[in-house]
Amino acid sequence: MSSQFDVLKMARQQLAIAAQYLDLDEGLHKVLAHPQRALVVNFPVVMDDGTVEVFEGYRVQHNASRGPTKGGIRYHPHVDLNETSALAMWMTWKCAVVNIPYGGAKGGVRVDTKRLSKREIEKLTRRFTSDISSMIGERSDIPAPDIGTNAQVMSWIMDTMSMSAGYTTPGVVTGKPVELGGSEGRVEATGRGVVVALEEAAKVRNLDLGNMKVAVQGFGNVGSTAALLVEEAGGTVVAVSDATGGIYNPEGLPIRELSTRFSGREGGIREFKNAEKVSNSELLELDCDVLIPAAISGQITEENAGRIKAGLIVEGANGPCTPAADVILNDSGKLIVPDILANAGGVIVSYFEWVQDLQNFFWEEDEVNKRLTRIMRASYASVDSTMRAHKTDMRNAALIIGVKRVADATIKRGIFP
Ligand code: GLU
């Protein structure tokens, strides 16, 4: 799997389409096509063997018109400024589509964490946090987990920020462990939101989740939770994959067993025997009703879009379908529930976590899940009706809503000075 193509160009192409529909002022379009602020840091880490390595990291704030900026921190060997800027832009639209009071941001470090010890990852995280500390803060820009980071990494970020503040600041980052001011339900939130989006799409298309065959690309936090919840809802997960490749069984895979026994193992889920081995790209083309790409961007392109069999594609990952693939998929009558709607569950519960931290008042999981489901359903409904009103595809409908909210906020605030 690789994301070595121009994702910022892709994000700008999507914005340009929505801008046409909105008849967006040219100057405002220019403002929204660029991140407001970007920081590149090169920082040293003393490795376990005493040698010094230098890592490149980024924090990009795309737009803060609707509130503090929000977005994950990614540790991956392909992270760069271009990708981080695109992901920050998508965060802006995502927060606006589901109407939570944030702008978009993203951060990352170009690193292969598989080659690092836990201690090295901790040192890298603390130094990176310190180097971007002028950007982040509980009222300005709030990081969260993304690919390659998790609750432990968020704890180190929180601790590092708290050490320099001189007191504990839980609201500076979300996706923390529950013991440190994290929210119940945050770990599962993105996958849960993906499945709510899938259920809504199924209703609109008169399909029954109980009879559906679902393939999931990516078995990280988002993919594995979505697969588990599909299984719990009575659907059949026929294929899953991780970085080592995929497995396929048309009769269905035992997802709970896969996530407890095989996920995270050296050989990955491919060690599970009772299934046919497929590659990550073959998985996308399998015979199924629903495809959930939940790995990385740029997986469905003009090259393979014509071979996708699933009628419904629910984007768990950010940017899995390129604009050229969108055209092919839409023309062949497939419904793509776009990333900025489908995977918004994570940032929605991040918002709940931040609200709970600022109030020091914590909710039960049931309350979190109910509120998450309510926001996902309402957002789905408004994207669906915008799609019909504008006779466009679902991605563009979501962008029309998101871009309009950000544009309106920018116009109302005016341009300083
Ligand atoms: N990294 C996640 C995303 O892409 C979550 C961001 C957050 O919770 O702030 O949506």
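As the structure is a computational prediction, the values presented were derived from the model and not from experiment. In listed order, ligands and their atoms are each counted from 1.
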Nearest-neighbour protein heavy atom for atom 9 (O) of ligand 1, which is reported as residue plus atom name and distance: K70 NZ, 2.9 Å
Residue, atom name and distance, where the atom is the protein heavy atom closest to atom 7 (C) of ligand 1: A144 CB, 3.3 Å
A407 versus L24, closest heavy-atom pair with distance: CB-CD1, 3.8 Å
Contact summary for R74 and V79, nearest pair of heavy atoms: CG-CG2, 3.7 Å
Check: T174 N/O within less than 3.5 Å of ligand 1 N/O: no
Consider every N or O of P145 and every N or O of ligand 1, then say whether any pair is closer than 3.5 Å. yes
Between the candidates K94, M154, K106, E353, which shows the shortest non-hydrogen contact distance to atom 10 (O) of ligand 1? K94
Name every donor-acceptor pair, under 3.5 Å, that has one atom in a side chain of residues 373-380 and the other anywhere in the protein, sequence neighbours excluded.
unit_1 : atom_1 : unit_2 : atom_2 : d
T373   : OG1    : N369   : O      : 2.7
R377   : NE     : E200   : OE2    : 3.3
S379   : OG     : I375   : O      : 2.7

Could you check Q14 against W90 for side chain to side chain donor-acceptor pair (under 3.5 Å), going step by step and ending with a plain yes or no? CA-CA 10 Å; Q14 295 169 347; W90 285 330; 2.8 Å; yes
Would R74 count as a contact of ligand 1 if the rule is a heavy atom under 4.0 Å away? no
Hey, is G175 one of the residues with a heavy atom under 4.0 angstrom from ligand 1? no
I need the single residue from K412, K404, R405 that forms a side chain to side chain donor-acceptor pair (under 3.5 Å) with D408. Which is it? K404
Contact region, N318 to ligand 1, non-hydrogen atoms below 4.0 Å, reads side chain
